[in-house]
Structure formats: structure tokens, C-alpha cells
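Numbered from 1 within each chain, the chains take letters A, B, ... in sequence-line order. These numbers come from the heavy atoms of this one structure, side chains and all, not from hydrogens, waters or symmetry mates.
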Number of protein chains: 2
Amino acid sequence: MRGAVLHAPGDIRLEQRPDPVIAAPTDAILRLSATCVCGSDLWQYRGADAVATPSPIGHEYVGVVEAVGDDVSIIEPGQFVVGSFLASDNTCPICRSGYQSRCVHAASIGALGAQAELLRVPMADGTLVATPGLPDDDLIPSLLAASDVWGTGWFAAEAAAAGPGRTVAVVGDGAVGLLGVLAARRLGAERVIAMSRHESRQRLAAEFGATDIVVERGDEGVERIKELTDGLGAHSVIEAVGTQESMMQAIRSTRPGGHLGYVGVSHGVELPGRELFFSGIHLHGGPAPVRRFLPELIDQIWRRETNPGRVFDLELPLDEVAEGYRAMDERRAVKTLLRP
Amino acid sequence: MRGAVLHAPGDIRLEQRPDPVIAAPTDAILRLSATCVCGSDLWQYRGADAVATPSPIGHEYVGVVEAVGDDVSIIEPGQFVVGSFLASDNTCPICRSGYQSRCVHAASIGALGAQAELLRVPMADGTLVATPGLPDDDLIPSLLAASDVWGTGWFAAEAAAAGPGRTVAVVGDGAVGLLGVLAARRLGAERVIAMSRHESRQRLAAEFGATDIVVERGDEGVERIKELTDGLGAHSVIEAVGTQESMMQAIRSTRPGGHLGYVGVSHGVELPGRELFFSGIHLHGGPAPVRRFLPELIDQIWRRETNPGRVFDLELPLDEVAEGYRAMDERRAVKTLLRP
């Protein structure tokens, strides 16, 4: 099969890779309908995360089940399925508490490489959720978004306790931040402040329901948020970048007793304990337990109530995966969808 | 009046200080029935927090109202009252959301010096809660505990989401940690693991309802907690020390998706962002909004349902304040009650 392989920072190639096979009786093999490039792939692409090259890459996927192992009893060949970026058994105590991303048997999909034609998914019954039927083609981008960015944006908004009567600020205008805006509105937030200085992203934020746009960042951004919230800060803040600057901006934008949901994969961040202590905020985040939300998110998409697939502003054949990365790296695209 | 003054690290003296007077129309003057020494006073006493000497000190207090300003309408002379270590108006949006410790008009009681005969309390109507009548003398230690350590332990247990079906681990065996044990049990936790290597504190933890004692600390302590929790970590962890070691021990003792309530005043702590991210825990803490809990805690004490005053294992006349500090500094006493 054809699959993307990262050779070195900036060097991604589509290559012939061996077709995956059932390796454990709980595995499923999917023929992918769509896959995409994640902001977190860019950390590796840019060399910020070390890579043992050459490595398969990609962890977002939707597709049709081709084969299942002997112990798979819920998922069946022929079903259209959505899975999370981390495989999970969905039965351990951590999964049952809703944190499938920290399943005691969690396995990385990224290491298996979902930017490909075929994908082996471990613990298929725990990891995958089937749609009610084969989806219309126009639903595929949104279902693919549910696999990571939509689930992550939703988790961030829940972690930030977005809801009625609350003002939500969103730090980060990548796909996850933009979908954090959409999730916050779906959860009932009255006011959602998107922090972005890019016009096209501001427009998408507004389409997703942002009521205010703040272009300042860092301490100036914090001041703007305070001006918009009677000097108090936002009730809820979503952090979707993962740098020291973005985390401090997020912490300082949250009012005392407020909630910060942080989902930007942390890079080089050190949180000052004393400032955090006196901030009096709630902090929750990490790799999103997307599996928890999949049934609900799929249902919303199936009913055409939400259209998170709008974050894909570039669609390419898988053959052009390298251009897909370049476009995101250069911020010409918010998110690239790839058709195998 | 007589009041304690900290001159330099290790040098605390009882001196004649001017009687406090009504300075603002929202003030009250209290004649204190009891006051005490806090673990957080020890940071100054030990020189870890800089002190502009000579400074009044002490922020825990109960007593009888002697006088009130013209704008005080709820609190009346003659009432027996309990207040928090931070004065708050109890009407601003932050107070109304339950975070009176971060009131937009918050004022430090410590700077006014509650280790004294008399105390001026700003924003008396917002800060003070009257008991149903003059208390029996045996209730005074518990009512005094409500002023800080009991309210702080309660907040920590709530921040850690202690409750039915959950296992709670407590890092720190000072008065707050021990009262965290009591609070966790009152909130319905089935299992409470106290981390302590001091026999007398272990006994008090057991009296407060600890079901397990762990004597190891640091990484070994974390391993012990995991052994006791099927390798997962505790659902809820209370941190009541404030050092780098105790915070890391607490973070690592919390299972993914679990809750860490931290109330040890942070000293020299830097939290590694990436480890915190992948921990997937909830983090909440800071200066406890004791005022939120005072009505409930006073009610419990008045009904003699809880006896948090048991943390006082040394009672001295205010004249012997220096010995009260020394005994706590040398860990001969958990907490010193002072009678003016």
C-alpha cells in the first residue's frame, strides 16, 4: 500500500509500505476513506519532536472495516468507522472513568501511520465507533474531524467548563482552537472570544460562533480579555497551542475560580507554581479522551447539526501529502484533508 | 494591647501595639477569644518568605465583636464570630462565584496581625460569620480551626473531588493535611491514605478516619500509592505542603482523569508542563475560599458532628507566642492555640 513516511524534519514522502495484517485477535484492518495532517504532526515535521526516521505518521482516520481478528465482536467488516488517535480497550477502570486516552493498554495510532491507504487498529471493539450507515461523502470531513480535532476541541471546552452564562476565551487559532469555539457555543456559552490575528481564521471563528475577536497576544492579549470581562478575566479559557507564552496567556486570562482547558501538546512549558497557586483557577487537559465523545459527536454530525469539517480548507490526494504538510507549516492552510 | 510582632526569622515577640480602631465604616473590632499559629506563618518565621520587619503576624481568629463601623449592618457588637484569613466583601462577582479568597477587594488579615488581643476586620459583613450564640469553651478550638486550617482542608478535599467510591491520598501531615483526611471522610470517601512518617500524626490521621498510612515519600511514596490502588493511582489527592517534591509526589500519585487539590502555599515550585499534560489530571487549589464554607463548617461544629480542633496539640497563653512558634518549627507540635 501507499503510506506517508517522515524521513527527517521537512522531509515527508509517500512510499510503498507493507499492507498491514491482523497481528492480534483484537485488531481490525481499515481501508481509509480519508485521513489528514494534525497540528501535532507539525511538531515532528518541524523537528521540535525527535523522530527515529524513517517513521510512518498520521493518527486521524475514517474508513471501512476490511477485516477483523477473531476476538472482535462489536465491529464488523463493511462498517464505516471513526476512531481516536489513541487505541483503547474501553473496559479498564481508566477508560470506564472516561479517560480512554490514558487507557492502561493505550496504543499510539501515530506509530502505525494513518496517513496511508490501510490501517491496522488495535483493540478495535474499544477504539472504533461505527456510523449508522455508510455516510454521504459530504459528511466525511466532519467525521474525520471527530477522530481528533473535533473531539479535542470538545474536550477542551468541557475541561474549561464552557456553558450557559459563561464567557470563553480561546488561545490558539489552529483547527483545535477554532473547533474549541464551536464546542463552547454548542455547550451553551454566551460569549466566545477568539484570539487570532489571521483574517481567514477570524472568519471561520465567527462562522463557528465567536462573538468577539482579539488580535493582541501575550500580556496585551490578557489585558484585552480583562477589558472585555469587567477586569476579571474569562470564566473559561481554552488553550490550544502548547507553548510557554500561550499557557501563560491562558492562565492569566482566566478569572479566579475559573477553568482552563489545555490541549496544545506541551513543548518546553514550565508552569510557575506560585503564580498558578495564587491564580486560584481549575486546570485540566492533556491528550483528549476523544473516544468518550465519539458517539455524541458522530450523532451531531449525522443529524447535520454541526459541521466541524469546515476546518479543512485544503483537500489533496494522499500522493500530495508533502504539499499538505508544507501548506500547514507555512500557515497557508488551517488543516489538510488527504484522500487515499 | 498586646500583639505578636515578627522582627526577623526566628525572632517573634509579644509587644505592646496600638489598639486597633474603626478605620473604614465597614470595619469591625474584635476582642479575640483565641488565635493560633499557621504552617504558613512558619514560612516567614523560617525566613523562606521575606519579611519587612518588625511586622504584626497571624491570620486565624475567633472572638466577640466590640465595635462596628457605620456601614456594618449584619454583624453586631456582642456576637461571637469566625472569619477567614482574607477579608472579602462577599458581594463581588468573584465572591458570588465562591472564591472569596480572591475577592476583588480582598485584604490580608495577616498584615493586621491576628496573634493579638484585638483585631480590626475590614468588610466585616462580608468577612465574618456569627455563631448561633456564645459557644461553649470546648467548641472554641474547632471554631478557630474553621477560620483557616479546617476550611482549607475542606477546600482541598472538594478540589480533589473527594467523595463516595473514591480513594483519596493526602500528601502532608501538618494540620491542613490531617484535616484534609477528616474532610475527605466527611465528603464520603471510602478510603483515605495519609502519608506520614510521624507516629503522633499518624494516630491523629487515623482518628480523623484515615484507612491507610504510607510512610514512604517521593517516588517511593508514589509507588506505594500505586500498589494500594491497582497500579492506577488515587482518584483524589490532597497536597498540603507546597514544595517541589510534594507537588510532584501528588501529581504522580493521581490517576489519569483524577483530581489534585493543592493548598500548600507554593514555594519554589516549577511544574513540568509536558508531564502535567500527559498526566491528564485535574488541578485546582490556591488560597482556600474559607468564607464559602464557614456557614456549613460552623454548623457541623455547633452540632458537634466534627471536632477539627483536635489538631491543636499545644495550648499556650499569648504571652508565650515565641514558644508556640518554636514547638511547631521543631515539629514538637502540630498546631499551637494561643489564648490572649
Side-chain angles (χ1 to χ4, degrees), chain A residues 49 86 92-104 106 155 159 161 165-166 229-233 235 239 242-244 246-248 255-289 292, chain B residues 49 86 92-104 106 155 159 161 165-166 229-233 235 239 242-244 246-248 255-289 292:
Chain A
D49 283 349
L86 284 166
C92 80
I94 302 298
C95 281
R96 288 203 309 270
S97 75
Y99 285 86
Q100 292 92 338
S101 47
R102 286 298 309 273
C103 171
V104 298
F155 171 61
R166 291 175 69 98
T229 54
D230 298 325
L232 302 174
H235 300 94
E239 192 283 339
T243 62
Q244 184 72 25
S246 64
M247 278 299 284
M248 295 316 299
R255 71 176 58 191
H259 291 70
L260 168 55
Y262 67 111
V263 292
V265 181
S266 186
H267 281 77
V269 174
E270 292 277 333
L271 298 182
R274 199 169 180 91
E275 178 169 350
L276 193 64
F277 181 84
F278 285 102
S279 75
I281 67 172
H282 299 75
L283 199 67
H284 184 43
R292 188 204 313 173
Chain B
D49 283 350
L86 284 166
C92 80
I94 303 297
C95 281
R96 288 202 309 270
S97 74
Y99 285 86
Q100 291 91 340
S101 46
R102 286 296 310 274
C103 171
V104 299
F155 171 60
R166 290 175 70 99
T229 54
D230 298 325
L232 302 174
H235 301 94
E239 193 283 338
T243 63
Q244 184 72 24
S246 63
M247 278 299 284
M248 295 315 298
R255 71 175 57 192
H259 291 69
L260 168 55
Y262 67 111
V263 292
V265 181
S266 186
H267 280 77
V269 174
E270 291 279 332
L271 297 182
R274 199 168 180 91
E275 178 170 350
L276 193 64
F277 181 83
F278 285 104
S279 76
I281 67 172
H282 299 76
L283 199 68
H284 183 44
R292 188 204 313 174

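- Looking at Val265(B), both its backbone and its side chain come within 4.5 Å of chain A, counting heavy atoms on both sides.
- In this structure, chain A has a heavy atom under 4.5 Å from the backbone of Ile281(B), while its side chain stays farther away.
- At least one donor-acceptor pair under 3.5 Å links the side chain of Arg102(B) to the backbone N or O of Phe278(A).
- Listed for the Arg166(A) side chain is a donor-acceptor partner under 3.5 Å among the backbone atoms of Ala161(A).
- Taking chain B as the reference chain and counting heavy-atom pairs below 4.5 Å, the highest number among Pro272(A), Gly258(A), Pro287(A) is found for Pro287(A).
- Annotation: the span from Leu276(B) atom CG to His284(A) atom NE2 amounts to 10.5 Å, rounded to 0.5 Å.
- When Arg274(A), Glu275(A), His235(A) are compared by the number of non-hydrogen pairs under 4.5 Å with chain B, Arg274(A) comes out ahead.
- A distance of 11.5 Å separates CG in Leu260(A) from NE2 in His282(A), rounded to the nearest 0.5 Å.
- Under the side-chain contact (heavy atoms from CB on, under 4.5 Å) criterion, Arg292(A) pairs with Tyr99(A), Gln100(A), Phe155(A), Glu158(A), Pro289(A), sequence neighbours left out.
- Most heavy-atom pairs under 4.5 Å with chain B, from the set His267(A), Gln244(A), Met247(A): that is His267(A).
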